[in-house]
Amino acid sequence: MPAGFDPSRRLPDFFANPGTSSFTQFLSLNAPELLPGRRPLPPGYSADLAPHATTVVSIVCAGGVVMAGDRRATAGNLIASRDIEKVHPADPYSLVGMAGTAGVGIELIKLFQVELEHYEKIEGAMLSLDGKANRLAALVRNNLGAAMQGLAVVPIFAGVDLAATDPTKVGRIFSFDVAGGLYEETGYDGIGSGSLFAKSALKKRYRTGLSVDEAVTLGVEALYDAADDDTATGGPDLTRKIYPVVMSATTEGTRRHTDEEVGAIAEAVVARRMENIGG
């Protein structure tokens, strides 16, 4: 139980004090042990303690962005999970995905979601897209100590810039390094061990002005290519009906594409590859 909590179940005094718009800062001041990056770890390298997640791609399309992630998590040479979800809505107009230590990544995404919601409640306004990306970079930076011991998480963030005046710049993508470095990407990007192969596929197929449906298809194809060359990336599982998680963010909000929609696209991709096995 964090210091300052009253066993009578009354809220501590710091909940009644004028607060900060950053939920992470609130935790760091009043209960720092609850932050992912502040937890003590055993000495040594800890990378093998938890499953790892890969691969996620994001694509800019007309009016927004699409993000897609495969469903596999690995623990060494073993498949730890076949249906992990690596892509989530950050808020009504943005998406976040993660690669790396699965447990830490899922926790970081949940903390990021609360951070954005807390800011909006305190300030009465939504953060700008750049502000959201900067908040996520700070969360990644706070996990640097754990990352140096092998529990690294690298997210990808994409969303709709509601303040954009150029229609071609409504959808934006941001990448991060393990130290919290923030970089804006053009057109598309990917993270995880399969991203090298996924981005190679996207490089040849991407064009400006893709529709949402075209971007969804392109994302599924890129993940298929990644799974073809990277054992840590899972391709569409037609037997178990496990397909990539695909989400889109436009000025109308975020949307998760249904398994039926993604399954139909995945089956079409597999059928096309059966006609050209080497390509």
Side-chain angles (χ1 to χ4, degrees), residues 47-48 50-59 61 65-88 95-103 105-106 109 152-156 158 173 175 185 187-206 210 212-248 256-279:
D48 297 331
H52 280 65
T54 58
T55 301
V56 179
V57 297
S58 188
I59 304 164
C61 59
V65 291
V66 166
M67 190 176 290
D70 81 302
R71 306 294 295 275
R72 178 173 292 178
T74 58
N77 64 317
L78 302 177
I79 296 176
S81 175
R82 300 180 189 275
D83 58 358
I84 188 174
E85 298 191 1
K86 308 169 189 177
V87 177
H88 301 267
L95 307 169
V96 60
M98 62 88 182
T101 305
I106 292 170
I109 287 176
V153 175
V154 177
I156 185 170
I173 301 172
S175 66
E185 306 296 339
Y188 60 88
D189 195 35
I191 57 171
S193 62
S195 62
L196 173 66
F197 310 107
K199 288 194 288 185
S200 295
L202 291 172
K203 184 176 183 179
K204 294 186 177 182
R205 298 292 305 280
Y206 175 79
L210 290 170
V212 172
D213 290 342
E214 289 172 327
V216 170
T217 300
L218 188 55
V220 173
E221 289 182 337
L223 291 176
Y224 183 98
D225 286 333
D228 197 36
D229 288 296
D230 175 45
T231 58
T233 303
D237 191 331
L238 304 185
T239 302
R240 298 181 178 88
K241 305 296 182 183
I242 300 175
Y243 306 112
V245 173
V246 182
M247 297 194 70
S248 58
R256 175 168 175 164
H257 296 256
T258 66
D259 284 343
E260 289 74 18
E261 293 172 318
V262 179
I265 294 171
E267 290 177 6
V269 169
V270 173
R272 287 196 295 270
R273 298 303 172 92
M274 292 291 288
E275 298 173 0
N276 182 18
I277 297 175

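Note that the coordinates shown come from a computational prediction; the quantities given were computed from them, not determined experimentally.
Looking at V270 and P236, their side chains come closer than 4.5 Å, going by heavy atoms from C-beta outward. With a 4.5 Å cut-off on side-chain heavy atoms, M98 and V56 do not count as touching. Using a 4.5 Å cut-off on side-chain heavy atoms (C-beta onward), T101 and H52 make contact. Taking 4.5 Å as the limit, some side-chain heavy atom of P244 sits within range of a side-chain heavy atom of V262. Proximity of D225 to R273: side-chain heavy atoms (C-beta onward) are separated by under 4.5 Å at one or more points.
Across all their heavy atoms, V66 and C61 have their closest contact at CG2-SG, 4.1 Å. Residues P155 and V96 share a closest heavy-atom pair of CB-CG2, 4.4 Å. Nearest heavy-atom pair across A68 and V87 is C-CG2, 3.9 Å. G97 approaches I109 most closely through the heavy-atom pair C-CD1, 4.4 Å.
Remark: E85 pairs with R71, R256 by the salt bridge (charged side-chain N to carboxylate O under 4.0 Å, His left out) rule, at least two apart or across chains. Annotation: side chain to side chain donor-acceptor pair (under 3.5 Å) contacts of E267 (sequence neighbours excluded): Y243. Listed by chain and residue number, T233 satisfy the side-chain contact (heavy atoms from CB on, under 4.5 Å) test with A227 (two or more places apart in sequence, or in another chain). For the side-chain contact (heavy atoms from CB on, under 4.5 Å) test, residues two or more places apart in sequence or in another chain that qualify with A99 are I191. Residues meeting the salt bridge (charged side-chain N to carboxylate O under 4.0 Å, His left out) test with D237, sequence neighbours left out: R240.
Between the CD1 atom of I156 and the CG atom of D189 there is a distance of 4.5 Å, given to the nearest 0.5 Å. Atom CD1 of I84 and atom CD1 of I242 lie 12.5 Å apart (nearest 0.5 Å). A distance of 12.5 Å separates CG in L223 from CG in D228, rounded to the nearest 0.5 Å.
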Listing, residues 197-206 side-chain donor-acceptor contacts under 3.5 Å, not counting sequence neighbours, or none:
unit_1 : atom_1 : unit_2 : atom_2 : d
S200   : OG     : L196   : O      : 2.8
R205   : NH1    : E221   : OE1    : 2.8

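A donor-acceptor pair is defined here as one N or O able to donate and one able to accept, closer than 3.5 Å; no such pair exists between the side chain of T74 and the backbone of A53.
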